[in-house]
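For reference, the structure discussed in these notes is given below.
Keep in mind it's a predicted model, so treat the numbers as computed, not measured. Residues take their numbers from the sequence shown, with the count starting at 1.
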Amino acid sequence: MKTKAEQCKEEGNKCMKEGKFTEAVFHYTEAIKHNPNSAILHSNRSLSFLKIDQLFLAMEDAQKAIKLEPSWPKGFFRKGEIEMKAGSYNKALMSYKQALLLDPTDDGIANAISKANKELVKDRKEANQKPIMYACLGLAVGLMVVVGDQYLAKNPTIQYTILQVLLISVCGAIGYGVAKIQRYLTISQRESLLEEPTDLLGEIGGEKKENSAKEVPKATHKHTSPSAARQRMKKGKS
């Protein structure tokens with residue numbers, strides 16, 4: 001006879017095949033409640049979280065799977081998949097390589113390494129080329145302004161010419177700076193995908209609880225915040 005954990009796991013697997021990823025999360029969570037030390041269950045729930053773009057929760061489960069089964073390549077592979085989705089190609093590459101060390105015969109891991117390498121090269125190439133491209137664009141804009149101004153100026157002096165050259169240089173620098181700022185924002189956005197999201201409802205609920213505690217005696221004041229509910233789902237507790 002199948003255990004409750006096995007039954008919930010099968011339900012979760014079924015939902016995954018049908019594309020019902022959110023439902024799968026709840027089935028795997030119930031399975032983890034009955035078998036919290038299963039690396040497979042945490043790996044499965046990690047994948048279902050990944051499918052609904054909950055990268056922080058997916059990473060938590062992947063790391064839990066690695067902690068439970070350090071010699072199991074799937075945990076590191078799952079971690080690499082999450083990092084790839086977040087655009088952290090260098091970290092993903094390291095996770096995939098760790099998985100390959102544990103299972104050198106897995107072609108899927110080898111293919112993932114190849115894909116991560118390509119994305120990393122592409123990303124670095126873009127990071128190097130974009131500032132130059134934007135700087136050239138800025139120089140072109142500055143040059144167009146100067147050329148247009150030449151037709152309006154009757155007798156341009158040396159000082160006036162120097163100012164025009166400075167204008168062109170400033171436009172180029174602005175273009176370069178815009179590209180660098182854009183790159184910084186891109187990296188920050190990628191990193192934020194793996195950070196724990198701010199639980200605004202939990203914070204609001206906490207504030208309400210604190211305020212109402214001044215009026216309602218502790219013996220009769222009961223409150224369950226959305227944050228607590230979220231933690232229960234995440235950890236598989238009822």
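Looking at D123, its side chain never comes within 3.5 Å of a backbone N or O of E119 through a donor-acceptor pair. Listed for the R78 side chain is a donor-acceptor partner under 3.5 Å among the backbone atoms of S43. Judged by distance alone, with hydrogens and angles left aside, the side-chain atoms of H42 form a donor-acceptor pair with the main-chain N or O of P36 at under 3.5 Å. Formation of a donor-acceptor pair under 3.5 Å by the E6 side chain with backbone atoms of T3 is found in this model.
Each of E23, E11, M16 was evaluated against Y28; a single residue qualifies, M16, per the side chain to side chain contact (heavy atoms under 4.5 Å, CB included) test. The side chain to side chain contact (heavy atoms under 4.5 Å, CB included) with P73 is formed by just one residue from the set L101, L100, L102; it is L102.
Atoms CD1 and OG1, on I52 and T22 in that order, are 4.5 Å from each other to the nearest 0.5 Å. Here the CD atom belonging to E60 is positioned 10.5 Å from the CD1 atom belonging to I82, to the nearest 0.5 angstrom. Interatomic distance, CD1 of I66 versus CD of Q98, reported as 8.5 Å (0.5 Å rounding). If you take OH on Y89 and CG on L120, they are separated by 9.0 Å, rounding to the nearest 0.5 Å. The OG atom of S38 sits 8.5 Å away from the CD atom of E69 when rounded to the nearest 0.5 Å. Taken to the nearest 0.5 Å, the CG atom of D61 stands 11.0 Å off from the CE atom of M59.
The residues E83 and K79 are annotated as salt-bridged, a charged nitrogen and a carboxylate oxygen being separated by less than 4.0 angstrom. Salt bridge present: K85 and D53 bring a charged side-chain N and a carboxylate O closer than 4.0 Å.
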(request) Kindly indicate, with the supporting measurements, whether the criterion side chain to side chain donor-acceptor pair (under 3.5 Å) is fulfilled by S46 and N44. (result) CA-CA 5 Å; S46 175; N44 288 0; over 6 Å; no
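Counting only N and O atoms by type, the side chains of N90 and S88 include no donor and acceptor under 3.5 Å apart.
The aromatic ring centres of F76 and Y96 sit 6.0 Å or more apart.
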